[in-house]
Every structure is written in C-alpha cells, then in structure tokens.
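These notes are about the structure you will find just below.
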Amino acid sequence: MLNRVVIVGGGTAGWMTASYFKAAFGERIDITLVESGSVGAVGVGEATFSDIRHFFEFLGLKEKDWMPACNATYKLAVRFENWRQPGHYFYHPFEQMRSVNGFPLTDWWLKNGPTDRFDKDCFVMASVIDAGLSPRHRDGTLIDQAFDEDGNEMQGLTMSEHQGKTQFPYAYQFEAALLAKYLTRYSVERGVKHIVDDVTKVELDERGWISAVKTAEHGDITGDVYIDCTGFRGVLINQALEEPFISYQDTLPNDSAVALQVPMDMERRGIRPCTTATAQDAGWIWTIPLTGRVGTGYVYAKDYLSPEDAERTLREFVGPAAADVEANHIKMRIGRTRNSWVKNCVAIGLSSGFVEPLESTGIFFIHHAIEQLAKNFPGEDWNPAHRDLYNNAIAHVMDGVREFLVLHYVAAKRSDTQYWRDTKTRAIPDSLAERIEKWKVQLPDSESIFPYYHGLPAYSYMCILLGMGGIDLAPSPALALSDPSAALQEFELIREKTERLVKVLPKAYDYFTQLG
Ligand SMILES: Cc1cc2nc3c(=O)[nH]c(=O)nc-3n(C[C@H](O)[C@H](O)[C@H](O)COP(=O)(O)OP(=O)(O)OC[C@H]3O[C@@H](n4cnc5c(N)ncnc54)[C@H](O)[C@@H]3O)c2cc1C
Ligand SMILES: N[C@@H](Cc1c[nH]c2cc(Cl)ccc12)C(=O)O
C-alpha cells in the first residue's frame with residue numbers, strides 16, 4: 001500500500017492538500033509537509049467559488065469555526081465595472097438561471113426585458129448586492145430557502161459530480177495566509193509532520209522517479225508520492241522532472257500584478273458583498289472587502305504598462321488610505337504544466353497552473369486537484385490509468401477556464417486604449433471562436449460551452465456575454481412565436497421577491513459582527 005506522502009510547499013495549496021488528505025484517510029496516511037522558512041508564499045488568494053464550502057464541510061469545519069480566524073466575508077458575485085463603458089457595471093452572481101417554457105430567462109430578456117439591466121431583471125442577487133446585504137437572515141437562514149443546507153444528498157460528491165444540481169448562493173473572500181495558518185493547526189493536530197526547511201535538491205532514482213528531497217537542515221525526506229506545492233517555481237515538477245510549462249500568454253497577456261492590503265474601518269465603509277473587477281487602461285483592478293481591510297490589486301500586461309505606472313494608478317484608485325501601505329509586485333506565470341502528474345510527483349497549486357485571478361479560480365483549481373487526486377490515488381502497481389485520468393481532468397479544467405476568461409476580453413465593448421483594441425484582434429482558442437458564433441444566435445447552454453467539467457455553468461457564460469456588451473446577441477426566433485406572459489410573470493416575481501428581501505435582510509457588515 002502506498003501511503004507516505006511528502007508535500008513540498010506550505011502555501012494555500014500545501015496546507016489545503018495536507019488537511020484534506022488527513023480528513024479523507026486519517027491515520028492510514030502518513031503526511032510530511034516541508035516548507036521553506038525563507039521563500040514566502042504568494043498568499044494573495046482571496047476570493048473563491050461557492051464550491052469551496054464542500055472543502056470545509058469535508059474537513060468538518062463550520063463557518064463560525066474558520067471565518068472569523070481568516071477575516072472572511074461572503075461573496076455573492078463578481079461585479080464588473082467599466083468593461084463596457086465608464087460608469088457601467090453588471091454582476092456575475094451565484095444564482096441559478098431560471099427557465100421559462102424551455103428557454104433561459106435571459107433569452108426572454110433579450111426579447112422582452114423589462115429594463116436594460118439583465119442582471120437585475122433575471123436575478124435576485126444583483127439588487128441584494130447593490131444594497132450591501134447579507135445572503136443570510138439574522139437567524140442564519142439562507143436567502144434561498146429552496147436550498148437544503150442540511151440535506152445530505154450532496155454529501156460525498158466531488159465538485160464535478162455536483163455541478164448543475166443546485167447553486168449555492170455565495171462564496172467566500174478571506175486572507176489566504178490566515179487560512180494556510182488555520183489549516184496548519186488543523187493538519188498538525190491530526191498528525192501531519194511539519195518541517196520548516198528549504199528543499200535544496202530533489203534526488204531521482206535510475207528511472208527518473210523522485211527518491212528523496214534533500215533539505216538544508218533536516219536531511220533527506222522520503223515518501224511514496226511527492227506533491228509539488230512550491231508555487232510558480234515548480235521545484236519538483238518543472239525543475240527536477242523537467243516537465244514543460246504550456247504558456248497561455250498568447251491568449252491571456254496579463255502577466256503581472258501589484259497588490260495592496262489596505263486597512264479600513266469596514267463598519268464605516270460597509271461591506272459590498274462581492275468581488276469587484278474594475279477595468280483599467282491596461283488590465284483591471286480587483287477590490288475584495290474583508291472584515292478588517294480591503295484587498296486590492298492591479299492585474300496588467302507588462303507589454304502595455306510599467307510596474308511603476310501600475311502602482312501609481314492603483315494608489316490613485318484606492319486613495320489616501322493606501323498611502324502607508326507597501327505594494328507587493330508579483331510576476332505571474334500564466335498557463336499550465338503539461339502534465340501535473342509525472343512519475344511519482346503531482347503538482348498542485350501555482351506549480352500546476354494559474355490564470356489571472358479575474359474569476360477567482362486559483363483556489364478552485366487547488367480544491368479540484370485535491371479531490372481528483374484523492375479519487376485517483378495510486379496503488380502499488382502505479383497503474384498509469386489513474387495518472388492519465390487525473391492529468392486529463394486537470395488539463396480540462398484549466399483549458400476550460402482559459403476559454404471562459406478569454407471570452408471576457410473578446411466580449412468587452414471597451415476599446416479606448418491600445419490594450420483594449422488588441423483584445424479584439426488577438427488570436428483566441430479556435431474552439432471558442434466557433435462557440436461564439438453559435439452563442440450569437442442561441443445563448444450558451446451545457447451543450448455549447450467547453451465540453452468538459454471546468455467549474456463554470458452555462459449561465460456564467462450568459463452573464464459575461466450579456467454584461468460585457470461587445471458581442472451582438474439575438475433572442476431565439478422561436479420566441480416570436482411564443483406567448484411571453486409566463487416570462488413576464490417570472491420577471492415580476494423576481495422584482496417582488498427582491499423588494500421583499502431588500503427590506504428584511506441584514507447589512508453584510510452587521511451579519512459578520514454577529515457571526516464573530
Ligand atoms: C495576483 C494574484 C491574485 C490571486 N488572487 C486569487 C483569488 O482571488 N482567488 C484565488 O482562488 N486564487 C487567487 N490567486 C491564486 C492563489 O494565490 C494561489 O492559488 C494560492 O495562493 C496557492 O499558491 P501555492 O500554495 O500554489 O503557492 P505559494 O503560495 O507560492 O506557496 C509556495 C510554497 O512553497 C514553498 N517553497 C518554495 N520553494 C521551496 C523550497 N525549495 N523548499 C521548501 N519550500 C519551498 C514556499 O515557502 C511556500 O510555502 C491569486 C494569485 C495571484 C498571483
Ligand atoms: N461551480 C461554481 C461555478 C459558478 C457558478 N456561479 C458562479 C459565479 C461566480 Cl462569480 C463564480 C463561479 C460561479 C460555483 O458554484 O462556485
């Protein structure tokens with residue numbers, strides 16, 4: 001039985017892997033995690049998918065256990081500002097799209113939308129976020145009563161098995177460094193051996209498999225399976241095993257970021273319960289409200305903007321609160337390692353791959369990889385089928401997310417700078433170009449989006465197409481032959497429900513103070 005796991009790297013990826021494997025396999029698995037005391041973690045991962053709640057559930061953690069320790073807040077959507085034109089915004093919310101007579105409500109909206117805001121007409125969430133509200137009532141019950149939180153029919157399912165069955169109404173925003181710290185305690189209490197030291201060399205046997213990692217002060221560490229969580233360096237997978245990295249830079253040119261962690265009085269400021277992505281001349285700025293600060297950063301392409309200008313723009317954007325805050329400049333490696341599992345080494349986290357944080361997919365990639373590795377964990381015969389299943393799943397998730405992100409730029413109406421004009425002429429994945437032609441005449445559905453699991457449902461694509469405004473979309477011709485009254489009634493129901501909720505839901509900030 002293979003059961004000795006060595007994890008190199010103690011960022012979000014390393015500790016999420018260690019804690020999940022302990023929760024999954026308990027004492028049957030022997031885990032050693034070695035992390036450098038000198039090389040820091042990236043630690044800017046702050047916003048997530050809603051699916052991460054399955055990770056916490058799997059570990060047996062409740063919101064009240066971990067959220068206050070990680071300065072966490074609720075995220076109800078990504079809010080895109082100025083991607084169409086200055087002053088315009090729309091939401092990509094965590095709320096399933098309704099259907100009426102076999103057509104998504106957005107299709108009816110293209111034909112007969114009551115206002116010019118698809119997100120407010122088709123979703124309850126848009127107005128809830130505008131009003132700065134919590135997705136839970138004061139007594140803790142969820143905004144969406146249809147969601148059976150305590151029901152166990154979903155328990156034990158991986159994210160991909162779960163997709164499309166229900167849509168949980170929110171995700172989280174938190175300080176990744178604090179989560180890593182929280183999970184360190186969780187893992188060590190459950191028997192994970194924690195070594196703080198630098199891995200200075202990776203020993204390979206005659207077949208080229210890893211036989212040990214050498215550390216500066218703790219000698220050789222050996223195991224059966226080696227997990228590379230060393231971040232962009234890819235110390236095991238790329239450096240030692242020389243597995244090539246496939247860059248996505250030709251289609252996603254943003255390769256740099258500058259980040260600020262700005263302390264703020266959130267009571268005075270209030271919490272807008274979402275992540276905001278505000279388009280800029282050469283990229284976009286994220287704004288993530290946490291309980292004691294706002295995390296913000298400018299993601300840009302070095303070919304279009306210097307780090308100094310990016311930092312200056314970010315500081316102007318944030319205002320005086322950022323004056324004494326030190327900026328963190330980050331070079332991003334965009335793309336994926338060709339195979340994340342090679343021989344007896346599996347890369348998880350930034351060493352496996354990364355795309356710019358536009359839809360907060362970094363931690364989702366990690367969670368997905370962990371679930372897939374737990375499912376395909378090798379036996380003594382090292383049957384290559386496990387490795388191949390795993391590598392396919394990882395490649396599909398990353399390639400699919402890449403298509404989704406490229407769509408943001410292709411669909412954005414904005415074209416006022418060279419950066420934005422180039423988004424319309426740059427090559428895009430062939431399959432995406434074909435899909436867009438179809439979406440122009442029929443909004444995306446599960447048959448017409450990237451055909452493998454990649455975390456994003458068809459309605460997410462609809463939101464981006466409808467919100468970005470640069471691609472002309474037509475309602476289905478069949479709607480001209482259909483009676484619109486049921487759809488109009490649905491728009492009215494959403495309006496009434498929104499009006500009711502906006503009156504009774506607590507402010508997001510008030511809910512968190514109650515939680516802490
Ligand atoms: C600008 C930016 C914004 C992001 N925003 C988000 C977001 O909003 N949401 C999201 O989900 N994700 C986001 N991410 C991604 C997220 O930060 C990462 O996915 C996450 O932090 C995981 O990182 P990691 O653990 O793979 O690597 P790292 O955090 O880089 O950790 C690497 C670890 O390896 C150790 N190490 C390296 N070399 C050695 C060695 N030789 N010996 C021993 N140890 C070593 C280091 O000490 C460290 O502990 C963002 C990333 C960037 C760059
Ligand atoms: N399964 C993911 C996909 C998802 C569905 N809606 C949204 C909205 C946003 Cl902003 C990101 C991601 C998603 C999940 O439920 O998290």
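Note that the structure is a prediction, hence the values are computed from the model and not measured. In listed order, ligands and their atoms are each counted from 1.
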- S50-ligand 2 polar pair, N/O distance under 3.5 Å: yes
- With the threshold set at 4.0 Å, does a side-chain nitrogen-carboxylate oxygen contact exist between E316 and R312? no
- Query: Which ligand 1 atoms, with their elements, are less than 4.0 angstrom from a heavy-atom of G231?
  - Reply: 27 (O), 30 (O), 32 (C)
- Message: Under the salt bridge (Lys or Arg N to Asp or Glu O under 4.0 Å) definition, can you give me all pairs with a residue in residues 233-242, not counting sequence neighbours?
- Response: none
- At what distance is the nearest protein heavy atom to atom 5 (C) of ligand 2, and which residue and atom is it? Q167 OE1, 3.2 Å
- Task: Might you work through the side-chain contact (heavy atoms from CB on, under 4.5 Å) test for L241 and L204, ending with a clear yes or no?
- Result: CA-CA 9 Å; L241 296 182; L204 303 184; 3.7 Å; yes
- Item | Distance-only N or O hit between ligand 1 and A47, under 3.5 Å | yes
- Take R136 and Y74 through the test side chain to side chain donor-acceptor pair (under 3.5 Å) and record every step on the way to the result. CA-CA 10 Å; R136 287 186 186 274; Y74 289 153; 3.3 Å; yes
- Query: Side chain, backbone, both or neither: which part of W286 comes within less than 4.0 Å of ligand 1 when only heavy atoms are counted?
  - Reply: side chain
- Message: Suppose I only count heavy atoms of V39 and a 4.0 Å limit; which atoms of ligand 1 are within that range?
- Response: 37 (C), 46 (C), 47 (O)
- Per-atom contacts of ligand 1 with V199, taking only distances under 4.0 Å to non-hydrogen atoms: 40 (C), 41 (N), 42 (N), 43 (C)
- Message: Using a 4.0 Å cutoff against the non-hydrogen atoms of I366, which atoms of ligand 1 qualify?
- Response: 19 (O), 22 (C)
- Query: At what distance is the nearest protein heavy atom to atom 6 (N) of ligand 2, and which residue and atom is it?
  - Reply: Y459 OH, 2.7 Å
- Query: So which heavy atom in the protein is nearest atom 2 (C) of ligand 2, and how far is it from that ligand atom?
  - Reply: D51 OD2, 3.0 Å
- Message: For atom 10 (Cl) of ligand 2, what is the closest protein heavy atom, and at what distance to 0.1 Å?
- Response: H92 O, 3.1 Å
- Query: For ligand 1, which atoms have a heavy atom of E46 less than 4.0 angstrom away?
  - Reply: 6 (C), 7 (C), 8 (O), 9 (N)
- Check if P93 has a non-hydrogen atom at a distance under 4.0 Å from any atom of ligand 2. yes
- Message: Residue-level breakdown please: for A13 versus ligand 1, do any non-hydrogen atoms fall below 4.0 Å on the side chain, on the backbone, on both, or on neither?
- Response: both
- Message: Using the ring centroid of each side chain, check whether W66 and Y182 are separated by less than 6.0 Å.
- Response: no
- Item | V78: numbered ligand 2 atoms lying under 4.0 Å from its heavy atoms | 10 (Cl)
- Message: Is it the case that ligand 1 has an N or O less than 3.5 angstrom from some N or O of I363?
- Response: yes
- If we only count N/O pairs under 3.5 Å, is G40 in contact with ligand 1? no
- Pair R272 + E81, salt bridge at N-O below 4.0 Å: yes
- Query: Taking the non-hydrogen atoms of F354, is any one of them nearer than 4.0 angstrom to ligand 1?
  - Reply: yes
- Heavy-atom contacts with G349 under 4.0 Å: which atoms of ligand 1 show up? List them by number with element. 26 (O)
- Between T12 and ligand 1, does any nitrogen or oxygen pair lie at a separation below 3.5 Å? yes
- Message: So, regarding S36 and ligand 1 (criterion: nitrogen or oxygen to nitrogen or oxygen, under 3.5 Å), is there a contact or not?
- Response: yes
- Task: Report the nearest protein non-hydrogen atom to atom 3 (C) of ligand 2: residue, atom name, distance rounded to 0.1 Å.
- Result: G455 O, 2.9 Å
- Query: Cation over ring, R333 on F245, under 6.0 Å and within 45°?
  - Reply: yes
- List the closest protein heavy-atom neighbour of atom 4 (C) of ligand 2: residue, atom name, distance to the nearest 0.1 Å. P457 CD, 3.8 Å
- Item | Numbered atoms and elements of ligand 1 in range of E35, under 4.0 angstrom, heavy atoms | 43 (C), 44 (N), 49 (O)
- Does P289 have any side-chain contact (heavy atoms from CB on, under 4.5 Å) partners at least two apart in sequence or in another chain, and if so, which? Q173, M266, I271
- Would one find more than 12 heavy atoms of other residues, nucleotides or ligands at under 6.0 Å from atom NZ of K62? no
- Within less than 4.0 angstrom of ligand 2, does A171 place any heavy atom? no
- Strictly under 4.0 Å, does any heavy atom of F364 approach an atom of ligand 2? no
- Query: Side chains of D198 and T200: do they bring a donor and an acceptor to under 3.5 Å?
  - Reply: no
- Can you tell me if D309 and Y298 form a side-chain donor-acceptor pair at under 3.5 Å? no
- Task: Please confirm whether F49 and H367 have ring centers closer than 6.0 angstrom.
- Result: no
- Item | Aromatic ring proximity F168/Y170, centre distance under 6.0 Å | yes
- Give a yes or no on whether a salt bridge exists between K201 and D220, defined as a side-chain N under 4.0 angstrom from a carboxylate O. no
- Task: Under 4.0 Å from a heavy atom of C229: give me the atoms of ligand 1 that qualify, with their elements.
- Result: 32 (C), 33 (C), 34 (O)
- What do you reckon, are the aromatic ring centroids of F450 and F404 less than 6.0 Å apart? no
- Query: If you measure every N/O of G10 against every N/O of ligand 1, is any gap under 3.5 Å?
  - Reply: yes
- Query: Under 4.0 Å from ligand 1, counting heavy atoms only, is it the side chain of D197, its backbone, both or neither?
  - Reply: backbone
- Message: Checking contacts here: is it the side chain or the backbone of A176 that comes within 4.0 Å of ligand 1, counting heavy atoms only? Could be both or neither.
- Response: neither
- Query: Going by atom types only, do H408 and E359 share a side-chain donor-acceptor pair under 3.5 Å?
  - Reply: yes
- Task: I would like to know whether W15 and C229 meet side-chain contact (heavy atoms from CB on, under 4.5 Å); could you show each step before the answer?
- Result: CA-CA 9 Å; W15 287 113; C229 296; over 6 Å; no
- Message: For atom 13 (C) of ligand 2, what is the closest protein heavy atom, and at what distance to 0.1 Å?
- Response: F94 CE2, 3.6 Å
- Message: Aromatic contact between F174 and Y172, with the criterion being ring centroids under 6.0 Å apart: yes or no?
- Response: no
